Number of protein chains: 2
Amino acid sequence: MRMSREDAAKNRDRVVRTASRMFREDGYDGIGIAALMKAAGLTNGAFYKQFDSKEALIAEATAFGLAENAKAWEKVLEDAGDDPLQALAEWYLSDIHMAHRGKGCTYATLASEAPRHDDDLRAAFDEGLHKSLSILSESAEVDQGAAIRHLSRLIGAITLARAVKDPALAATILDANRASPAEGGSD
Amino acid sequence: MRMSREDAAKNRDRVVRTASRMFREDGYDGIGIAALMKAAGLTNGAFYKQFDSKEALIAEATAFGLAENAKAWEKVLEDAGDDPLQALAEWYLSDIHMAHRGKGCTYATLASEAPRHDDDLRAAFDEGLHKSLSILSESAEVDQGAAIRHLSRLIGAITLARAVKDPALAATILDANRASPAEGGSD
DNA sequence: CCCTTTAAATTATAGTCATAATCCTAATGT
DNA sequence: ACATTAGGATTATGACTATAATTTAAAGGG
């Protein structure tokens, strides 16, 4: 049953959004085209009319996720008070973010899988990262090096906290990384 | 052809080591039992005589990888001069480590996949992390919070650097994180 | 208003997946 | 020395994989 151009575009967009969420939850290899399309309310047959391959969707869905993340950071940094990096850390290392991988940071969930994929996906990470860093350094008025270090630390922290079994250990990881980074200079 | 107990144990150990490397390279979902066993010089039929399931191997191979990593860090910190954290960062963020995921840090390659797996695997991360943190805080004479922040930052940094396409951007990420962490206190 | 185009559904294909049963054979216990 | 045991190979399982051809039916252009 053919859809209108409008509806077809909506369907395509819904597939990208669904993929962006499910890849973050299950990993690129953890979810298949059929299950993905079903979750988006379609069947697998419709997939190859809209995308060249799974790899192409991976690149597109990841770029979407990174852009979505960047918008969220921009908002948090705008609403932050006199210590934007601290505000970002508290928001990023929250229990909410811990629990909802599918809506959360794409770097934390998928960056470690990128080396196994094609240039289009890795280029999406390039672009996403440039954007993230410019947002961070501009809003928080720090140099690029500091922005990179802050981002690296947040990503590593939530990755570790999500990996461990003991909730107390996870809380320790989050707490240590929420602590004001300038506290002693020993970090 | 039945093997001696000794040979069977060697085979089992080789499967764990091979799995530890291949999981780091391809992800838990990226390599199957058959390919894994073949790489270890065996056939898939032999697998279920030695392991209960793939999930059980995942937990065991990850625990092995984390223990292997911890030994390497201990050595680096022992040989370090007056700034152990700096020495660790330089070793961890090296081109060699960037290029060889299969022999490198298990946190950086596999921690992001842990939330999708069972308690045995996540408990392996608990144990590995406790060990890593005690090595770090003792050898470098910093408190646990500083050790956690340092580790978080290194893991995030190499994950990001490996994800991007542009080698110059990767180098920027590594350089920023190699920079002495106490430099300005703004980090 | 008809004709072409095309999105989506259905179905097909060849491969791979984790798991397991069967069989062979040699190591081990007695 | 013989019976038992168990490690590994072969083969089988049914489910799932990415991809694609075919079919259906409605949208869009003329």
Side-chain angles (χ1 to χ4, degrees), chain A residues 1-20 22-23 25-62 110 113-114 116-121, chain B residues 1-62 110 113-114 116-121:
Chain A
M1 320 103 169
R2 181 173 178 186
M3 315 298 282
S4 72
R5 283 207 222 293
E6 222 173 353
D7 286 348
K10 271 186 198 166
N11 284 345
R12 191 185 195 285
D13 185 66
R14 204 169 56 252
V15 171
V16 173
R17 288 171 184 272
T18 305
S20 174
M22 296 190 87
F23 285 148
E25 283 170 2
D26 303 328
Y28 294 129
D29 292 334
I31 185 79
I33 298 297
L36 204 52
M37 292 299 280
K38 190 173 185 180
L42 296 164
T43 62
N44 49 344
F47 182 79
Y48 288 91
K49 286 278 155 63
Q50 299 275 21
F51 303 95
D52 283 346
S53 63
K54 184 182 182 181
E55 193 68 24
L57 176 63
I58 283 176
E60 192 168 339
T62 303
L110 292 171
E113 301 193 28
R116 303 194 290 267
H117 292 271
D118 71 12
D119 278 359
D120 285 350
L121 171 65
Chain B
M1 320 105 168
R2 182 174 177 185
M3 316 296 284
S4 71
R5 282 206 222 292
E6 223 172 352
D7 287 347
K10 273 185 196 167
N11 284 346
R12 191 184 196 284
D13 185 66
R14 205 170 56 252
V15 171
V16 173
R17 287 170 185 272
T18 304
S20 173
R21 173 176 59 80
M22 296 189 87
F23 284 147
R24 279 180 264 185
E25 283 169 3
D26 303 327
Y28 294 129
D29 292 334
I31 186 79
I33 298 297
L36 203 53
M37 292 300 279
K38 190 173 185 179
L42 296 165
T43 63
N44 50 343
F47 181 79
Y48 288 90
K49 288 283 159 63
Q50 299 277 17
F51 303 94
D52 283 346
S53 63
K54 184 182 183 183
E55 194 67 26
L57 176 64
I58 284 176
E60 192 169 338
T62 302
L110 292 170
E113 302 193 27
R116 302 195 291 267
H117 292 270
D118 72 11
D119 278 358
D120 285 350
L121 171 65

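Here is the naming used below: chain letters follow the sequence lines, and residue numbers restart at 1 for every chain. Remember, it's a predicted structure, so these values are computed and weren't measured experimentally. FYI, side chains are in, hydrogens and waters are out, and symmetry mates aren't considered; it's all heavy atoms of this structure.
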**Item:** Note: Lys10(B)-Glu6(B) ion pair, threshold 4.0 Å (strictly below)
**Value:** no
**Message:** When you measure from the side chain of Glu113(B) to the backbone of Tyr28(B), do you find a donor-acceptor pair of N or O atoms at a distance under 3.5 Å?
**Reply:** yes
**Request:** Please answer whether the main-chain N or O of Phe47(A) pairs with a side-chain N or O of Asn44(A) as donor and acceptor at a distance below 3.5 Å.
**Result:** no
**Complete:** Rounded to the nearest 0.5 angstrom, the CE-CG distance for Met3(B) and Leu42(B) is 8.0 Å
**Message:** Just the rounded figure in Å: distance from P of dT17(D) to CE of Met22(A).
**Reply:** 11 Å
**Message:** So, taking the atom named CG in Asp118(B) and the one named OG in Ser53(B), what distance separates them when rounded to the nearest 0.5 Å?
**Reply:** 7.5 Å
**Fill in**
Rounded to whole Å, CG of Leu57(A) lies from P of dT19(D) at a distance of 10 Å
**Message:** Less than 4.0 angstrom between a side-chain N/O of Gln50(B) and OP1 or OP2 of dG8(D), yes or no?
**Reply:** yes
**Distance, rounded to the nearest Å, where Asn11(B) contributes CG and dA9(D) contributes C1'** = 13 Å
**Prompt:** First and last nucleotide of DNA chain C in contact with chain A, 5' to 3', at under 4.0 Å to a heavy atom: what are they?
**Reply:** dT5(C) to dT11(C)
**Request:** Taking Watson-Crick and G-U wobble pairs with both distances under 3.5 Å, convert DNA chain D into its dot-bracket string, 5' to 3', dots for unpaired and | for cross-strand pairs.
**Result:** ||||||||||||.||||||||||||||.||
**Request:** Can you measure from CD (Gln50(A)) to CD (Glu60(A)) and round to the nearest 0.5 angstrom?
**Result:** 9.5 Å
**Close side-chain approach of His117(A) and Ile58(A), heavy atoms under 4.5 Å** = yes
**Message:** Side chains of Arg14(A) and Thr18(A) only: does a donor on one sit below 3.5 Å from an acceptor on the other?
**Reply:** no
**Item:** Spacing of Asp29(A) atom CG relative to dT17(D) atom C1', expressed in whole Å
**Value:** 11 Å
**Prompt:** About how many Å separate OG1 of Thr62(B) and CG of Leu110(B), when rounded to the nearest 0.5 Å?
**Reply:** 5.5 Å
**Request:** Could you tell me whether a side-chain N or O of Arg24(B) sits under 3.5 Å from a main-chain N or O of Ser20(B), the two making a donor and an acceptor?
**Result:** yes
**Request:** Between Asp7(A) and Phe47(B), just flag the one whose closest nucleotide in DNA chain C comes earlier from the 5' side.
**Result:** Asp7(A)
**Item:** Closest contact, heavy atoms only, Ala19(A) versus Leu36(A)
**Value:** CA-CD1, 3.7 Å
**Distance, rounded to the nearest Å, where Lys54(A) contributes NZ and dC16(D) contributes P** = 15 Å
**Item:** Sequence-aligned protein contact record of nucleotides 20-30 of chain D, with B where the base is within under 4.0 Å of a protein heavy atom and S where only the sugar-phosphate is
**Value:** --B-B-BBSS-
